[in-house]
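For reference, the structure is listed below as structure tokens.
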Number of protein chains: 2
Amino acid sequence: MPNPPTIKEIARKLNLSASTVSRALHNHPRIGLKTRLQVQALARELQYEPNQTAIFFQQKKTFTLGIVLPELSEAFFSAAISGIEDTANKSNYMVLLGQSHDDATREEKIVGIMKNHRVDGLLVSLAKNTVNYAHFEMLRKYNIPVVFFDRIPDMQHIHYVAANMESGTVQAVALLLQQGHRVIGMINGPEKLIASRQRTTGYRTAMQQQRLKYDATLNLPTDLTREGTRQAMQQLLSHKRKVTAIVAFNDYVSQDAVQYALEQGLQINKDICFVSYANLPLSSYMAFPPMASVEQYPYQQGQQATAILLDILSGKLPQDDYQQLTIDSRLVMAPGR
Amino acid sequence: MPNPPTIKEIARKLNLSASTVSRALHNHPRIGLKTRLQVQALARELQYEPNQTAIFFQQKKTFTLGIVLPELSEAFFSAAISGIEDTANKSNYMVLLGQSHDDATREEKIVGIMKNHRVDGLLVSLAKNTVNYAHFEMLRKYNIPVVFFDRIPDMQHIHYVAANMESGTVQAVALLLQQGHRVIGMINGPEKLIASRQRTTGYRTAMQQQRLKYDATLNLPTDLTREGTRQAMQQLLSHKRKVTAIVAFNDYVSQDAVQYALEQGLQINKDICFVSYANLPLSSYMAFPPMASVEQYPYQQGQQATAILLDILSGKLPQDDYQQLTIDSRLVMAPGR
DNA sequence: AAAATTTGCGCAATCGTTTGTGCAGCCATA
DNA sequence: TATGGCTGCACAAACGATTGCGCAAATTTT
């Protein structure tokens with residue numbers, strides 16, 4: 001009922017000016033010890049808490065980071081956001097959330113609202129169909145820095161953090177080679193995706209390291225739909241060379257591929273092995289988990305992206321010193337194998 | 001570089017007062033058509049956007065909801081938050097996020113920060129070890145309404161939304177009975193949990209409906225640890241009556257129980273059947289998914305809780321008309337069975 | 001034509017906090 | 001004793017928008 005106490009109130013009760021009270025609370029050296037203690041005592045007594053909205057307004061700073069990402073309920077993103085929130089909180093920043101649901105229009109709207117809320121900075125993972133980046137360009141005018149993570153735009157001067165699939169892929173293929181597999185299929189994603197190209201590069205590198213020839217007909221691009229996976233599987237299983245192992249684009253693809261193999265009467269881990277890229281939690285609970293997974297460290301990506309953003313905000317990093325950080329992915333063996 | 005345009009700037013350029021510009025932009029009837037159009041035209045040209053922080057400050061309203069929950073990366077919560085965000089966004093509210101990591105101290109700190117950020121309202125799912133509710137009581141002084149969801153405190157005058165496990169449990173047990181099972185074990189949670197008691201009640205009700213006797217020795221409370229589950233399983237499997245079906249507290253418990261059963265040489269869905277409460281995504285990918293799951297509708301819980309909060313904020317609901325909404329859980333058959 | 005009403009706009013306060021500046025009184029140094 | 005430098009505080013502006021009130025001019029009513 002009674003409004004929260006303000007600096008003015010404290011000032012009135014102590015016959016001081018608001019400025020003195022403010023300085024006293026901030027331990028300004030020019031305020032005498034006596035008054036300082038008086039003020040602080042009364043502040044405690046009244047349970048004074050500064051009105052942040054006033055401070056935000058006055059300082060043109062909100063200590064708030066905006067996060068825009070496609071879908072919270074995807075395990076990858078909820079892990080990333082967890083890293084973001086933890087890192088932000090350590091620096092007393094709060095986190096404002098918006099999901100685009102992979103819709104570019106919604107994304108644009110959210111970015112607009114966040115801009116109006118005057119977030120200090122933005123962390124963004126793009127919606128699938130975002131092709132127009134005007135709403136991000138606009139943020140420069142408002143001096144709101146953006147750090148992209150995971151799904152990054154095809155732009156020049158941006159900060160970003162992303163996982164590099166190449167390293168993990170090299171390790172994955174190397175593992176399979178080491179286990180004696182010689183004909184390894186890869187169910188890849190759309191060729192325009194950086195992530196797909198990185199997988200291809202990783203595949204080639206691993207083969208070269210063993211002085212083996214890279215066979216492009218074993219690396220199939222798909223649209224990542226269930227049907228696409230099944231078609232790719234069909235092609236691979238009818239390949240003139242006998243495919244004994246498969247690298248799947250992600251766990252969902254892997255599951256569909258496994259299912260197709262089962263339908264064809266193949267025995268998993270005997271006739272054919274699977275390696276995937278981790279994006280399902282608890283893959284240990286899966287019926288036929290891949291024997292290994294390339295981990296993309298979503299939590300760490302969130303952490304790093306936030307750390308960069310905070311460094312920019314604190315002035316440690318100049319705005320135009322574009323940070324482009326790739327986190328190496330890494331092969332992780334399935335538990336219990 | 002140039003600061004975003006303000007109302008004052010527009011006023012200066014048109015030789016008007018700030019108040020006139022403000023009213024013109026809001027289509028105030030007392031502003032002449034000519035000036036109104038002039039103002040709006042210039043605003044568009046300068047790409048004027050109101051400074052929300054100023055408005056927040058002035059109106060003592062931030063159009064922001066705070067969310068405090070234990071762990072973002074848990075599927076249940078990320079689904080809930082998705083519902084919250086969607087609902088909030090429809091009313092042009094933003095969502096400020098904080099995870100307690102199931103730590104009461106952290107929860108308290110987050111609530112404090114959110115209060116200082118002057119969120120309009122709070123949505124809270126409690127940390128496990130929260131016993132002191134002082135930080136929530138304090139919010140009343142600040143007139144910040146709170147709606148709890150799922151993990152609700154043991155307090156009198158609060159708003160909350162929670163799933164009632166009873167209905168789903170009745171259905172689960174009824175299903176097992178219908179399939180001919182007569183000795184049904186239940187691996188329950190700590191007895192002090194409301195959710196555990198609801199499961200017990202549901203179990204009893206289902207038995208009574210078939211005029212069967214309820215056997216308390218088949219309903220075992222556990223601490224929900226892996227070891228607790230295994231001990232319960234041991235007790236159940238050595239029960240004097242032959243247990244042919246088990247209701248597990250949740251999917252994690254279910255998995256552990258299944259594993260134990262397998263170790264004992266039992267065949268799942270033949271020697272023994274499992275029913276659980278859904279909290280793992282993609283349970284269809286699990287090795288031995290429960291044949292059915294009690295769905296708790298996290299997304300809907302989030303929606304409903306947010307709707308209540310928004311109604312309170314808009315004045316549609318009086319603060320002290322305490323909404324206590326329970327969403328009935330419901331049994332969902334596993335896909336493909 | 002005088003009175004009443006409406007129209008169109010400006011003035012000024014307000015929200016709570018921070019911060020540059022000014023001004024006493026005090027002490028110390030020359 | 002005059003000069004200078006501290007010390008301790010108050011004054012006032014500023015951030016950007018909203019809003020009650022007032023006042024003149026234009027319009028309508030009587």
Side-chain angles (χ1 to χ4, degrees), chain A residues 2-40 42-43 46-64 92 115-120 142-144, chain B residues 2-40 42-43 46-64 92 115-120 141-143:
Chain A
N3 279 353
T6 70
I7 279 197
K8 289 185 184 175
E9 219 173 299
I10 298 182
R12 219 171 7 82
K13 296 203 181 186
L14 293 176
N15 274 324
L16 291 171
S17 74
S19 46
T20 302
V21 173
S22 171
R23 284 190 248 255
L25 290 172
H26 288 85
N27 286 315
H28 191 286
R30 296 288 286 272
I31 302 298
L33 182 62
K34 225 175 31 186
T35 27
R36 199 187 313 181
L37 292 179
Q38 266 186 44
V39 168
Q40 294 179 354
L42 183 58
L46 297 182
Q47 300 195 48
Y48 167 78
E49 303 261 6
N51 182 335
Q52 293 289 11
T53 62
I55 298 178
F56 293 162
F57 169 50
Q58 207 263 21
Q59 315 246 343
K60 298 173 179 302
K61 198 162 184 322
T62 58
F63 285 96
T64 303
N92 285 312
K115 181 202 64 192
N116 284 358
H117 274 240
R118 297 290 196 271
V119 294
D120 293 338
Y142 284 79
N143 222 30
I144 301 178
Chain B
N3 280 354
T6 70
I7 278 198
K8 290 185 185 175
E9 217 173 302
I10 298 182
R12 221 170 5 83
K13 296 204 179 182
L14 293 176
N15 273 324
L16 290 171
S17 75
S19 45
T20 302
V21 173
S22 172
R23 284 190 249 256
L25 290 172
H26 288 85
N27 286 313
H28 191 287
R30 299 287 287 271
I31 302 299
L33 183 62
K34 227 176 27 190
T35 28
R36 198 185 315 179
L37 293 179
Q38 267 187 44
V39 168
Q40 294 179 355
L42 183 57
L46 298 181
Q47 300 194 51
Y48 166 78
E49 303 260 6
N51 182 336
Q52 294 289 10
T53 62
I55 299 178
F56 294 162
F57 170 49
Q58 206 262 11
Q59 315 244 339
K60 299 175 179 301
K61 200 163 183 320
T62 58
F63 285 95
T64 303
N92 286 312
K115 180 203 64 190
N116 285 0
H117 274 241
R118 296 292 196 271
V119 295
D120 293 339
K141 281 201 348 196
Y142 283 79
N143 224 29

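Proteins come first, then strands; the chains are lettered A, B, ... in the order of their sequence lines, and each starts at number 1.
- Residues A:Asp120 and A:Ile144 share a closest heavy-atom pair of O-CG2, 4.0 Å.
- Among the nucleotides C:dG10, D:dC9, D:dT18, the one closest to any side-chain atom of B:Thr20 is C:dG10.
- Set against C:dG16, D:dT18, D:dC9, the side chain of B:Ile55 has D:dT18 as its closest nucleotide.
- The distance between atom CD1 of A:Ile10 and atom C1' of C:dT18, rounded to the nearest whole Å, is 15 Å.
- Using a 4.5 Å heavy-atom threshold, the side chains of A:Pro5 and A:Lys13 count as separate.
- Put simply, the side chain of A:Arg30 and the base of C:dG20 share no donor and acceptor less than 3.5 Å apart.
- Each of A:Asn15 and B:His26 was matched to the nucleotide of DNA chain D holding its nearest heavy atom; the match closer to the 5' end belongs to A:Asn15.
- Nucleotide C:dT21 holds its C1' atom 12 Å from the NE2 atom of A:His28, rounded to whole Å.
- Residue A:Ser19 has its side chain nearest to D:dA12 when only D:dA12, C:dT17, D:dT18 are considered.
- Closest approach of A:Ala11 and A:Ala18 over heavy atoms only: CB-N, 3.8 Å.
- Residues A:Tyr142 and B:Gln47 approach most closely at OH-O, 3.8 Å, considering heavy atoms.
- Place B:Lys34 and B:Phe57 on DNA chain C by their nearest nucleotides, and B:Lys34 ends up nearer the 5' end.
- Summarising the geometry, the separation between CZ on B:Arg36 and P on C:dT7 is reported as 12 Å, rounded to the nearest angstrom.
- Across the protein-nucleic acid pair, A:Gln58 atom CD and C:dG20 atom P stand 10 Å apart, rounded to whole Å.
- Across the protein-nucleic acid pair, B:Asn51 atom CG and D:dC15 atom P stand 11 Å apart, rounded to whole Å.
- In terms of phosphate contacts, B:Ser17 brings a side-chain nitrogen or oxygen within less than 4.0 Å of OP1 or OP2 of C:dG10.
- Of all non-hydrogen atoms in B:Leu25 and B:Ala43, the two that sit nearest each other are CD2-CB, 3.8 Å.
- Across all strands shown, B:Tyr48 has heavy atoms under 4.0 Å from sugar-phosphate atoms exclusively, and none from any base.
- Distance from the side chain of A:Ile31 is smallest for D:dC9 among the nucleotides D:dA17, D:dC9, C:dT18.
- Close to C:dT18, at under 4.0 Å from its OP1 or OP2, lies a side-chain N or O of A:Ser22.
- To the nearest angstrom, C1' of C:dT18 lies 13 Å from NZ of A:Lys60.
- Between A:Lys61 and D:dC15 there is no side-chain polar atom (N or O) within less than 4.0 angstrom of OP1 or OP2.
- The nucleotide whose nearest atom lies closest to any side-chain atom of A:Gln59 is, among C:dG16, C:dT19, C:dG10, C:dT19.
- B:Phe63 and A:His117 have their aromatic ring centers separated by at least 6.0 angstrom.
- Applying the 4.0 Å criterion to OP1 and OP2 of D:dG8, one finds that A:Thr35 has every side-chain N and O outside that range.
- Contacts of B:Thr6 with the nucleic acid, taken as non-hydrogen atoms under 4.0 Å apart, involve only primed sugar atoms and P, OP1 or OP2.
- Distance, B:Asn27 CG to C:dG8 P: 14 Å, rounded to whole Å.
- B:Lys8 comes within contact range of at least one nucleobase, with a heavy-atom separation under 4.0 Å.
- Of the candidate nucleotides C:dG16, D:dC11, C:dG10, D:dC11 has the atom nearest to the side chain of A:Arg23.
- Protein atom CG of B:Leu25 is 15 Å distant from nucleotide atom P of D:dG16, rounded to whole Å.
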